[in-house]
Amino acid sequence: MPIKWVLHWQPNAGTTVNSQILNEVSQCVENMNGIKEGRWKATLTFYRPNLRDQSIQTEFPRDFLGMSLQEQPNKYYFIMRGHRLVVEAESSILTIMEKLQSYKSRVALNFEGVQYQLGDFQLRLGKVVPTHSENLRGIVMEVEYLPISSIEKSRQLMEEFLDIWQEAVSKRSLPGHFMHIEPNFSDFGLSDHYTSQHTAVQYATVLGQLIATVQSAQAVRN
Amino acid sequence: MECVVQGIIETQHVEALEILLQGLCGVGRERLRIHEICLKSGPNLGSVASEVRLLCDLEQPEPTWTVKHIGGAMRGSGAEQISALVRTMVESKVSKNVLRLFYALGYKLDHELLRVGFAFHFYRGAQISVTVSSINKMLKLHATDEAVPVTPGIQLVEVTAPASSDNYTEVVAAVSSFCEYLAPLLHLSKPGISTGVVPTAAAAAASLMSDGGGTTL
């Protein structure tokens, strides 16, 4: 499948994300003649162990995530960054998890927004919101380059595209910038050939950044 | 949900059973070589203890993995009256690192085994699967190449069909009527209710082997 980079909005120190930033960024895509193609959505779920003795937590993972992606509607992904583990399963695994009753979903985040076509690129801009809430927790952007599946072969091209993109966004003097952190995919046993498992790992990485940003903002406030 | 019955047959009659199944099903057999890893939740995990099976299909050029959960059997007077076990069963095909996932989640290895044999999949009133396999245990962890039979000379026959709460009576009827054709060679019943080998097996097998399954049993 085509190579994809998942970026997140990194607010400047002392600032937070708001929907105005998302509006302005969306206008940037439209000014670059991006064609709206509809909506997209992904969901990330945090799981916690269902323990008989709550005092013994240590031996169980605290970073167990599940993810559903619109591009793979019949699949589900589990990610444990601490264990460098990503697992792809058919969606029926969710029924199995329910029956096992060993882990429960604690909270879920939706990534949702608008998809644009920009030549050979597909851009998905979206907000990060907890399910059953409208509180904006972050902004993400997927940049997909349709003709290439190799991470290495597409790297230069993706970097050049991002330079152009960052320049367009910077003209609006917004309080932050888009950031791309590439996980070490080989640590997760993934190859250079891009798959949806790479996407799941990228989202888990973005999530780590979003949490770190919220925590540092709280630390500043306190 | 699935509907299931099991039976056993002596290995010496398996070839006759294969001929009979071939004649009844009209499809070719598939070779079966499945490494089954049974995991149980650790002592503190889950409000109740849970069990999950990881199946690795070693017949594929690149082994494929499936997570299988077998739930409780249907109970009540209705369930007692039917001749097959109806139970919940959910499967999910997964990537090959699934064992690492379950270990990380706090599941422990309970036991593992290797099923070697063949299977027939066909439609006969329901989507029926028949597997005939020898059950082998591993002397060393995951050493499927050095597996030895648990019950030498005896193979397990399992007939299963997917069912739902709406259609299970029809599925049970379809499975039961199919099992009648196998009755001269083996008796199939609900799992856990062993009825042993049938006395007519040797004669039925001899008859099948002599005319290639042409005789109506």
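Residue numbers start from 1 in every chain, and the chains themselves are labelled A, B, ... in the order their sequence lines are given, proteins ahead of strands. Bear in mind the structure is a predicted one, so any value in this text is a computation, not a measurement.
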Original post:
Heavy-atom distance under 4.5 Å to chain B: side chain of Tyr103(A), backbone, both or neither?
Top reply: side chain
Original post:
Can you name the side-chain contact (heavy atoms from CB on, under 4.5 Å) partners of Lys4(A), sequence neighbours left out?
Top reply: Val6(A), Glu71(A), Arg124(A), Glu142(A), Glu144(A), Tyr194(A), Thr199(A)
What option among [options] has the most heavy-atom pairs under 4.5 Å with chain A?
options                                : value
Gly46(B), Ser50(B), Pro43(B), Gly71(B) : Gly46(B)
Val94(B), Leu45(B), Val90(B)           : Leu45(B)
Lys96(B), His69(B), Lys93(B)           : Lys93(B)
Gly42(B), Ala104(B), Gly106(B)         : Ala104(B)

Original post:
Looking at Lys104(A), Met80(A), Lys75(A), which has the largest count of heavy-atom pairs under 4.5 Å with chain B?
Top reply: Met80(A)
Subject >> NZ/NE/NH1/NH2 to OD/OE distance under 4.0 Å, Arg53(B) and Glu91(B) >> reply: no
Subject >> Partners passing ring pair (Phe, Tyr, Trp, His ring centres under 6.0 Å) against His111(B) (at least two apart in sequence or in another chain) >> reply: none
**OP:** Over all heavy atoms of both residues, which pair between Val197(B) and Ile154(B) is shortest? Give the atoms and the distance, please.
**Re:** CG1-CD1, 4.4 Å
Original post:
Do Trp65(B) and Val87(A) touch side chain to side chain, with heavy atoms closer than 4.5 Å?
Top reply: no
